[in-house]
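See below for the structure under consideration.
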Amino acid sequence: MSVDHQGFSAIELRGTAYTVEQSLVRNKYAAYDENGGLVLRAKQKLFKLKEEFPFVDGDGNAVFTVKAGGVLDIAGNYAIVDAETGDRVAILDNDYSIFRDTWTVRDGRTEAALAKITSRGALVTLARNLLPFGGLIPHKYEITDAEGAHVGRIDGQFSLRDRYEIVIDDAGDVPRDAVVAAAMVIDAIQGN
C-alpha cells in the first residue's frame with residue numbers, strides 16, 4: 001500500500017536511528033541523529049488547558065506543533081501541524097489499555113493509518129501504569145506500518161531522565177519525522 005503522505009515543509013528526517021533525551025526540569029525534549037546532531041527540540045507549554053508541544057529544528061526554527069484534540073486528553077487524538085503552512089500533517093490516536101498502549105499515526109489530510117506504535121509486553125505496561133515508581137521502568141515500543149509489518153522500535157534506557165533510542169529498520173511509506181515526533185509526544189503525554 002503506497003500512501004502519498006504530505007511531509008513537513010521545514011524538516012526531513014532520513015536517518016535510521018535517533019536518540020531522544022528528556023530534560024530533568026520539565027517536559028523538554030531533544031532528538032539527535034545517529035551522528036549526535038540535534039534535529040528536533042520540543043517543550044510542553046505549562047499551565048495550558050490544552051496540551052501543546054511546539055517543535056523546533058537544531059537551529060531553533062519552528063517546524064511543527066502538536067496540539068491535543070480535547071482538553072486534558074489522556075486517551076485521545078493529537079494533531080501534528082506544520083509550522084510553516086498550518087496544515088495538519090499527521091494525527092496521533094491513542095487506544096489506551098492498562099495492558100498495552102497502541103498509538104496510530106494517521107495522515108493529516110486523509111486520516112489513513114500510516115503506522116502503529118505499540119507497547120511491548122503486557123507485564124511491563126501494567127507495572128509502568130500501576131506501580132508507584134513504574135515510570136522509572138524503561139518503555140519499549142514496536143513500530144509497524146499500517147499492515148502490521150515491522151518498521152522499527154523504541155527502546156527506553158534506565159537513567160535519571162528519560163532517554164530512549166528510536167531505530168527505524170525499514171520505514172517504507174512510514175514518515176520518519178512523524179514517528180520521531182510521536183515518540184517524544186507519547187513520552188510527555190503519558191508522563192513516561
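Residues Trp103 and Asp93 have side chains not in contact (no heavy-atom distance under 4.5 Å, counting atoms from C-beta outward). Taking the side chain as every heavy atom from C-beta outward, Thr16 and Glu34 approach each other to under 4.5 Å. Residues Ile166 and Val20 meet the side-chain proximity criterion, which asks for heavy atoms closer than 4.5 Å. Side-chain contact check for Val105 versus Leu92: some heavy-atom pair is nearer than 4.5 Å. Between Glu165 and Ile154, every side-chain heavy-atom pair lies at or beyond the 4.5 Å cut-off. Taking 4.5 Å as the limit, some side-chain heavy atom of Leu40 sits within range of a side-chain heavy atom of Val180. Using a 4.5 Å cut-off on side-chain heavy atoms (C-beta onward), Tyr32 and Glu21 make contact. The shortest distance between side-chain heavy atoms of Thr102 and Ile117 does not fall below 4.5 Å.
Heavy-atom minimum distance, Phe55 versus Ala181: CZ-O, 4.1 Å. Closest non-hydrogen pair, Asp107 versus Thr110, comes out as OD1-N, 2.9 Å.
A continuous path of Ile, Leu, Val, Met, Phe, Trp and Tyr side chains, each step under 4.5 Å between heavy atoms, connects Val39 with Ile143, placing both in one hydrophobic cluster. At a threshold of 4.5 Å between side-chain heavy atoms, the hydrophobic network of Ile, Leu, Val, Met, Phe, Trp and Tyr places Ile168 and Tyr29 in one connected group.
Proximity of a side-chain donor or acceptor of Asp82 to a complementary backbone N or O of Gly86 within less than 3.5 Å is not detected. For Arg176 (side chain) and Gly15 (main-chain N/O), a donor-acceptor pair under 3.5 Å exists by modelled atom type. With hydrogens and angles ignored, the 3.5 Å screen pairs no side-chain donor or acceptor of Asp87 with any backbone N or O of Val89.
Residues satisfying the side-chain hydrogen bond (donor to acceptor under 3.5 Å, both in side chains) criterion with Arg41, sequence neighbours excluded, are absent altogether.
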All N/O donor-acceptor pairs, side-chain side in residues 58-66, below 3.5 Å, sequence neighbours left out:
from: Asn61; atom 1: ND2; to: Asp57; atom 2: OD2; distance (Å): 3.4

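Lys116 and Thr104 share a side-chain donor-acceptor pair at under 3.5 Å.
To the nearest 0.5 Å, atoms CD (Glu142) and OG1 (Thr118) are separated by 8.0 Å.
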side-chain contact (heavy atoms from CB on, under 4.5 Å), that's the test. Do Lys67 and Arg88 meet it? Break it down for me. CA-CA 10 Å; Lys67 297 181 180 182; Arg88 188 174 70 172; over 6 Å; no
